[in-house]
Chemist: 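Please read through the structure below; I'll follow up with questions.
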Amino acid sequence: MHFTCTTPLYYANAAPHMGSAYPTIAVDCLTRYYRLLGYQVLMVTGTDEHGEKIATAALKQGLDPQTHCDQIAAEFQRLWQVLNIKYDRFIRTNDPRHAPVVQEFFQRVWARGDIYRAAYEGLYCVDCEEYKDPKDLIQDLCPIHRKPVFLRQEENYFFALSKYQTALEEHFARHPDFVQPVIRFNEVKGWLKEGLRDFSISRAAVRWGIPLPPDPEQTIYVWFDALLGYLTALLAPDDEPCLKNALAGGWPAVHVVGKDILRFHAVYWPAMLLSAGLPLPERIFGHGYLTKDGLKMGKSLGNVLDPFALVEEFGADAVRYYFLKEIEFGQDGDFVRTRFIHTLNADLANDLGNLLNRTLGLLRKNCNNQIPTVTIPLTDPLRQQTEAMTQQTAQAYEGLHFPRACESALEIARFGNGYIDQRAPWKLFKEGHRVEAEAVLYAVLEAVRIAAVLLAPVIPELSGRIWSQLGFAPAAYAQLTWATTEWGGLPSGQTVAQAVPIFLRLEQETLA
RNA sequence: GGCACUGUAGCUCAGCGGUAGAGCAAGCGGUUCAUACCCGCUCUGUCAGUGGUUCAAAUCCACUCAGUGCCA
């Protein structure tokens, strides 16, 4: 079974921000989960590098577009590295192997008779790379960018999107999960209800792009080009760049996209694929926006969240955990520093980290750092709770309910703390009930071990630290599978490592 | 304006027909094996409002108010 999941291909006009990091973290988490399950996984991310806006951005810095894109792509890759994103493919739409795929695709659509040439005159926003309807303008400015629009006339090539209205409606009806969450699907269906209009897929005035096969004077509209990046990305390193090879590489995929680009993914892209006679994506998930302290982030407000700085201060796992655990994927989410610190301390340091730490301490004092030889009965409450939570966590991941997944895994730690308190193994040892005491320690450590596996997609580094403290070799963790969530995987007699806090409490700076 | 969605404890949210829930925060008590941690107990709620359907409604329907999203 294969599982391919894509992040948006980020537009290479500016350095990455938290808004690009967020969906990438989510996709990384999801694909890590499917890797644990043993799927043949492909995580795809990359940059969208064509279009006038890129050329302009490059010019502003006195760079040629290529150099500019090289720098931006490198920044993204650096961010993915510090965030511990395990991507398989980083596709740049400027990759020499991309153009042949786009052109082949174009030819298929062309052969189908779905592309025609027509004159177009209208008000054009360079930042959107789109024509604007005069009624949508605000004081003659682009409503999105608040910048002047220009009267532009050109002969363009159009894609006959309107032909696919019915086919799309049928596909939506047959696949009730095609777009998630439902609220987003409703929006998409609403667009269809309003009727589809053909859209221009070429630009006469843009040089920085892929030439149109029938008319090399024009370039292919950046979105038409970018969406195909998802296919090019599937090519194996030594594949000939063609559609057949790309499709064989792991199509169809699940797309994770921001709600702002949902139209392109849920309407344009499926229609394009239908026209080319290719299978549609499996699912499209539209996530929400991030705010900071309840406010929209933006340069004008000066409240942008720099993901590099966050990782620098708190570490990759902390950042990953906060955004996955505290924000329902699909809804808008807020970043609040105090909440960030609270959550991490409560969940990772206090509940989970401290549980491991206190138990390892007991093991050192009483068992010479060795995992005792005991059998925990099926009826043991901690064992039962752990097994139940394992099921819940799996279900949560599959539904992309990351907060629920974290919550379920954490429930093991919460329960474990109650369990150890109630049984008080420190007292049992003193009173000479060695067997009972050892059983408690084993059960708790085993529960923590399993919780670490459940959380591995979210906090891979931390989970690894838990495993190594439990005495596992790095190779054992590197080859982790979901099967290791089965109770009893902690080998008796194994010597554990020295107990060091796996996650240090974050200091809450005192507020004036 | 049209079409959606949301409104539940101080905060973030779950529940979506059968006597109001979780986490965090707050208060009280306990414990010291542990990262000043953990455990137990407690607290606040006309489940936005009004009306309706039903033996029964936070849960279904209608309307009202407030907020949000989408409309190439």
Side-chain angles (χ1 to χ4, degrees), chain A residues 122 125 128-133 135-136 143-144 159 161-162 179 181-200 223 258-264 266-268 271 286 288-289 291 294 296 322 325-328 330-336 338-367 392 396 401 403-404 406-408 410-411 413-430 437 440-441 444 448 469 499-508:
Chain A
C125 170
C128 297
E129 308 243 8
E130 266 173 9
Y131 287 98
K132 293 283 150 188
D133 197 317
K135 77 170 163 64
D136 291 333
I144 296 166
F159 172 65
L161 180 67
S162 53
V179 178
V182 223
I183 170 171
R184 297 268 105 83
F185 206 6
N186 289 344
E187 276 173 24
V188 174
K189 288 171 179 164
W191 296 332
L192 237 64
K193 221 181 251 173
E194 289 162 26
L196 296 179
R197 237 187 270 164
D198 297 351
F199 70 101
S200 158
W223 265 109
K259 56 188 181 181
D260 52 329
I261 54 174
L262 191 58
R263 173 188 304 278
F264 297 104
V267 179
Y268 291 19
Y289 281 157
T291 53
K296 204 170 159 180
Y322 178 83
K325 154 85 189 321
E326 290 293 300
I327 297 167
E328 186 56 43
Q331 285 172 222
D332 288 353
D334 198 26
F335 176 87
V336 181
T338 51
R339 183 172 157 201
F340 183 97
I341 293 173
H342 262 135
T343 301
L344 290 160
N345 283 345
D347 295 358
L348 300 185
N350 299 347
D351 285 348
L352 184 63
N354 184 51
L355 177 60
L356 174 65
N357 198 244
R358 67 195 296 204
T359 313
L360 286 179
L362 289 166
L363 203 69
R364 173 169 47 80
K365 284 179 199 157
N366 300 291
C367 306
Q392 271 195 26
H401 299 300
R404 230 179 284 172
C406 295
E407 201 61 54
S408 302
L410 207 66
E411 193 52 41
R414 296 205 185 103
F415 196 91
N417 274 313
Y419 178 92
I420 196 170
D421 261 46
Q422 203 186 358
R423 315 225 161 185
W426 46 92
K427 208 188 283 176
L428 292 174
F429 277 119
K430 262 186 221 152
V440 175
L441 297 195
V444 171
V448 171
Q469 286 210 1
V500 181
I502 52 156
F503 187 90
L504 287 173
R505 285 175 63 79
L506 307 170
E507 289 307 316
Q508 186 83 260

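Because the structure is a prediction, the values reported are computed rather than measured.
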Chemist: Nearest heavy atom decides the nucleotide; on that basis, is A:V500 or A:K193 closer to the 5' end of RNA chain B?
Modeler: A:K193

Chemist: Rounded off to whole Å, could you give me the CZ-to-C1' distance for the A:R505 and B:A34 pair?
Modeler: 12 Å

Chemist: With a non-hydrogen cut-off below 4.0 angstrom, is A:G353 in contact with a base, only sugar-phosphate, or nothing?
Modeler: base

Chemist: Taking A:G288's backbone N and O only, do any of them form a donor-acceptor pair with A:Q331's side chain (distance below 3.5 Å, no angle check)?
Modeler: no

Chemist: Expressed as a whole number of Å, how far does the P atom of B:A25 sit from that of B:C11?
Modeler: 15 Å

Chemist: Contact class for A:G195 vs. all strands (heavy atom < 4.0 Å): base, sugar-phosphate, or nothing?
Modeler: base

Chemist: Scan A:L410 against the nucleic acid and name what it touches under 4.0 Å (heavy atoms): base, sugar-phosphate only, or nothing.
Modeler: nothing

Chemist: Applying side-chain hydrogen bond (donor to acceptor under 3.5 Å, both in side chains), name anything that partners A:S408, two or more places apart in sequence or on another chain.
Modeler: A:Q392

Chemist: Reading nucleotides 4-14 of chain B 5' to 3', which nucleotides get B (base under 4.0 Å from a protein heavy atom), which S (sugar-phosphate only), which -?
Modeler: SS------S-S

Chemist: In whole Å, measure the gap between the C1' atoms of B:G15 and B:C28 for me.
Modeler: 30 Å

Chemist: Tell me if the aromatic rings of A:F335 and A:Y322 count as close, with their centers under 6.0 Å from one another.
Modeler: yes

Chemist: Heavy atoms only, 4.0 Å cut-off, all strands: where does A:F199 land among base, sugar-phosphate and nothing?
Modeler: nothing

Chemist: So, taking the atom named CH2 in A:W426 and the one named CG in A:L441, what distance separates them when rounded to the nearest 0.5 Å?
Modeler: 9.5 Å

Chemist: Round to the nearest Å and state the distance from A:F503 atom CZ to B:A34 atom C1'.
Modeler: 17 Å

Chemist: In whole angstrom, give me the gap between the C1' atoms of B:G18 and B:U59.
Modeler: 11 Å

Chemist: A:N417 has an atom CG; how far is it from atom P of B:U35, in whole Å?
Modeler: 13 Å

Chemist: Using a heavy-atom cut-off of under 4.0 Å over every strand shown, decide if A:L262 touches base, sugar-phosphate, or nothing.
Modeler: nothing

Chemist: Roughly how many Å is it from CD in A:E194 to P in B:G1, rounded to a whole number?
Modeler: 17 Å

Chemist: What integer number of Å spans the C1' atoms of B:C47 and B:A20?
Modeler: 7 Å

Chemist: At under 4.0 Å, does any side-chain N or O of A:N345 touch on OP1 or OP2 of B:U35?
Modeler: no

Chemist: Tell me, please, which residues at least two apart from A:N366 pass side-chain hydrogen bond (donor to acceptor under 3.5 Å, both in side chains).
Modeler: none

Chemist: What is the separation between atom CG on A:D334 and atom P on B:G67, rounded to the nearest whole Å?
Modeler: 19 Å

Chemist: Would you please name every residue forming a side-chain hydrogen bond (donor to acceptor under 3.5 Å, both in side chains) with A:E407, sequence neighbours left out?
Modeler: A:R414

Chemist: Rounding to an integer number of angstrom, what distance separates B:C5 and B:C63 when you compare their P atoms?
Modeler: 13 Å

Chemist: P atom, B:A57 versus B:A48: distance in rounded Å?
Modeler: 15 Å

Chemist: Would you measure the distance from the C1' atom in B:G2 across to the matching atom in B:A58 and give it in whole Å?
Modeler: 29 Å

Chemist: Restricting to non-hydrogen atoms, name the atom on A:R197 and the atom on A:L161 that form the minimum distance, rounded to 0.1 Å.
Modeler: O-CD2, 3.4 Å

Chemist: Short question: side chain of A:D198, backbone of A:S162 - any donor-acceptor pair under 3.5 Å?
Modeler: yes

Chemist: Return the CD1 to CH2 distance between A:I261 and A:W223, rounded to the nearest 0.5 Å.
Modeler: 4.0 Å

Chemist: Report all interatomic pairs (protein N or O, nucleotide N or O of nucleotides 23-33 of chain B) with separations under 3.5 Å.
Modeler:
from: B:C33; atom 1: O3'; to: A:K365; atom 2: NZ; distance (Å): 2.9
from: B:C33; atom 1: O2'; to: A:R358; atom 2: O; distance (Å): 3.4
from: B:C33; atom 1: O2; to: A:R358; atom 2: NE; distance (Å): 3.1
from: B:C33; atom 1: N3; to: A:R358; atom 2: NE; distance (Å): 3.4
from: B:C33; atom 1: N3; to: A:R358; atom 2: NH2; distance (Å): 2.5
from: B:C33; atom 1: N4; to: A:R358; atom 2: NH2; distance (Å): 3.0

Chemist: Verify, without hydrogens or angle tests, whether A:N417 (side chain) and A:D351 (backbone) share a donor-acceptor contact under 3.5 angstrom.
Modeler: yes

Chemist: Would you write out the dot-bracket form of RNA chain B, 5' to 3', with Watson-Crick and G-U pairs under 3.5 Å, [ ] for crossing pairs, | for pairs to other strands and . for unpaired bases?
Modeler: ((((((((.[[[[.)..(..]]]].(((((.......))))).....[[[[[..)....]]]]]))))))).

Chemist: Output the rounded distance in Å from CH2 (A:W191) to P (B:G69).
Modeler: 14 Å

Chemist: Which comes earlier along RNA chain B counting from the 5' end, the contact point of A:Y268 or that of A:K259, where each point is its nearest nucleotide?
Modeler: A:K259

Chemist: Please give the distance between the C1' atoms of B:U44 and B:C38 as a whole number of Å.
Modeler: 26 Å

Chemist: Please give me the minimum heavy-atom distance between A:A413 and A:L355, naming the atom from each residue.
Modeler: O-CD2, 3.6 Å

Chemist: Separation of A:K427 atom NZ from B:C39 atom C1', in whole Å?
Modeler: 12 Å

Chemist: Using a 3.5 Å distance criterion without hydrogens, assess whether the side chain of A:R358 forms a donor-acceptor pair with backbone atoms of A:I420.
Modeler: no

Chemist: Just so I know, are the side chains of A:D334 and A:E326 near enough to count as touching, which here means a heavy-atom distance under 4.5 Å?
Modeler: no

